[in-house]
Each structure stands twice: as structure tokens, then as C-alpha cells.
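Have a look at the structure below before the remarks.
When a residue number appears, it is its place in the shown sequence, counting from 1. Counting convention: from 1, in listed order, for ligands and their atoms alike. Owing to the predicted nature of the structure, the values given are computational and were not obtained by experimental measurement.
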Amino acid sequence: MGGAERGILVSGNWKMNENHFEALKLIQELAALLRSGGVPEGREASVHPPFTSIRTVQTAVETDHVPLSLGAQDCHHADRGAFTGEVSAEMLAKLNVVYVIAGHSERRTYCGETDEQVRAKVDAIYRNGMRPIVCVGEHLAERQAGEAVAKVRSQVAAVFSGRSAEQVAAAVVAYEPVWAIGTGESATPEDAETMCAEIRAELVAQAGAQAGSARVQYGGSVGPDSAGELLAQENVDGLLVGGASLDAGKFVAILHAGA
Ligand code: PGA
């Protein structure tokens with residue numbers, strides 16, 4: 001099974017959903033389900049609310065000792081300064097955020113984020129003692145042209161070249177084919193396995209064998225029905241879940257899938 005020695009991380013990316021009242025309701029539902037069902041051995045779950053709901057979720061998680069790691073969806077590359085409307089990694093670290101997503105395809109597409117900007121954000125995440133979840137993935141046309149592996153490996157290299165094995169090993173990389181996000185069309189477990197193995201190979205090529213212990217997630221239309229088979233793949237160490245993470249029952253079912 002994927003993550004047998006590396007551990008499995010199931011992350012809920014809430015995207016631009018859940019104002020702080022709704023976030024409180026969702027986190028209480030998750031807390032109740034996790035209290036009764038627990039978190040399977042060797043697995044970990046993180047939730048990534050929008051910035052305005054992080055403090056609410058932090059308070060609920062810490063007060064009730066909910067077994068969830070706190071995450072964010074993005075950050076700025078600078079720690080502070082004249083960047084109106086931005087939120088820094090330093091600010092997130094102060095809220096006990098553990099994982100920060102960087103380079104989600106929606107940000108690359110709608111906000112024009114480049115590999116260089118994603119790399120600078122990852123620098124900021126490490127500098128502030130947190131772990132990045134770096135999203136990579138090809139567009140449909142790239143897959144059809146047979147360019148998926150080259151595209152994804154170049155995205156990985158752009159962010160991780162020149163880093164120590166220790167730093168790379170602390171990272172999470174999420175393989176999220178753009179055509180599978182929010183479309184209901186998940187990659188097959190075999191395709192996910194192939195691409196996650198390529199990503200691991202690129203991490204090792206950049207930083208040496210120890211870097212291969214980084215966790216590699218799959219993301220894109222994951223639901224309770226597809227999660228078990230995906231997590232059974234050797235190189236799939238977790239899942240990055242969008243839509244289904246807004247439903248507490250589905251998210252917890254995904255966390256337990258195949259365990
Ligand atoms: P989805 O989103 O599960 O709704 O497809 C995944 C993601 O964008 O991380």
C-alpha cells in the first residue's frame with residue numbers, strides 16, 4: 001500500500017467555500033465523526049480552510065483536540081510588507097498552520113502563478129517552519145500530446161532543485177492532473193501510480209535517495225468510492241480532496257478508505 005512506511009496524508013482543500021460560521025459547523029461535524037471513528041493507524045488528515053476561517057478552525061481543533069492538522073491554501077512569498085490583500089507564511093505559522101498548499105492549478109490558471117513564484121512561496125513556507133504541499137499536473141492537451149511526464153517533472157524540478165534532501169523529504173507533492181479537478185473524471189489508479197512514481201523519481205534525481213521519502217498525493221475528483229484503490233497504489237501516499245472535503249461524512253470515509 002502507498003505510504004506504508006511514509007504515512008498517508010489526506011488533505012481537504014476547502015477552496016473559496018465555508019465562511020467562518022459554516023467552517024465552525026463543518027469542523028464540529030468532522031470532530032464528531034473522528035471522535036467516534038478515529039484516524040486509522042499510519043494516516044493523518046489536514047484541512048485547508050480559506051484565510052478568514054483558519055482562526056475559527058484552529059480554535060475548534062485545539063480546544064477539542066481534534067486529530068486534524070491545520071492547513072492553508074496559499075501564501076505570499078514575503079514575510080511582511082506593502083503587499084495589499086496578501087497573507088504571509090509568517091502569519092499562517094502564528095496560527096499553528098502545518099501545511100500550506102503552493103501552486104494549485106487554479107492559482108496557476110486564474111492568478112498566473114509561475115513556477116518561479118511557486119518556488120518563492122515554498123521558500124517562505126520552509127523559512128517559517130511549515131511544510132509545503134506543492135501541486136503539479138498537466139493539462140488535457142499535454143496529456144494527449146504525450147507530454148504529461150515531462151511537464152510534471154519540470155514543475156517538480158523548478159521548485160525542488162538545489163534543496164537539501166532533508167528539506168525535500170519534509171515536503172508533500174500533489175499530482176493533480178488539471179483535467180481531473182472538479183470534473184468528476186478521476187485519473188485511473190494506474191495513471192495516478194505512474195505519475196506519482198515519476199514525481200518521486202524526480203525528487204530523488206534532484207536531491208538524492210533520502211528525498212524519496214517525501215509524500216506524494218493524488219488529487220482530482222477523489223471521492224469515497226475511488227479513494228481506496230488510489231491509496232492502494234505503491235507510490236500514492238495520500239489524497240488532496242476538493243469538493244468531497246466539504247462533506248464531513250465523505251471526507252472521513254475517504255480518510256478510512258481501504259484502511
Ligand atoms: P476536486 O479538487 O476534488 O474537487 O476535484 C481537487 C483539488 O483541486 O485539490
Which ligand 1 atoms are under 4.0 Å away from a heavy-atom of [X]?
X    : result
S221 : 1 (P), 3 (O), 5 (O)
L240 : 9 (O)
G242 : 1 (P), 2 (O), 3 (O), 4 (O), 6 (C)
H104 : 7 (C), 8 (O), 9 (O)

Which bit of N13 is near ligand 1, meaning a heavy atom under 4.0 Å away: side chain, backbone, both or neither?
side chain
How far apart are the closest heavy atoms of S245 and L26, and which atoms are they?
O-CD2, 4.1 Å
Min over S245, G220, G243 of heavy-atom distance to atom 4 (O) of ligand 1 lands on G243
Between [Y] and [X], do the side chains contain a donor N or O and an acceptor N or O under 3.5 Å apart?
X    : Y    : result
N235 : E193 : yes
R119 : S161 : yes
S46  : S11  : yes
Q155 : Y175 : no

Can you tell me the protein heavy atom closest to atom 2 (O) of ligand 1 and the distance?
K15 NZ, 3.2 Å
Taking both backbone and side-chain atoms of E176, is any N or O found less than 3.5 Å from an N or O belonging to ligand 1?
yes
So is G219 polar-close to ligand 1, meaning N/O to N/O under 3.5 Å?
no
Q58 meets the side-chain contact (heavy atoms from CB on, under 4.5 Å) criterion, sequence neighbours left out, with R55, E62, L70, L95, N96
Within the structure, is a non-hydrogen atom of G182 found at a distance of less than 4.0 Å from ligand 1?
yes
Could you give me the CA-CA distance, side-chain angles and deciding distance for V172 and Q217, then say whether side chain to side chain contact (heavy atoms under 4.5 Å, CB included) is met?
CA-CA 7 Å; V172 180; Q217 296 176 315; 3.7 Å; yes
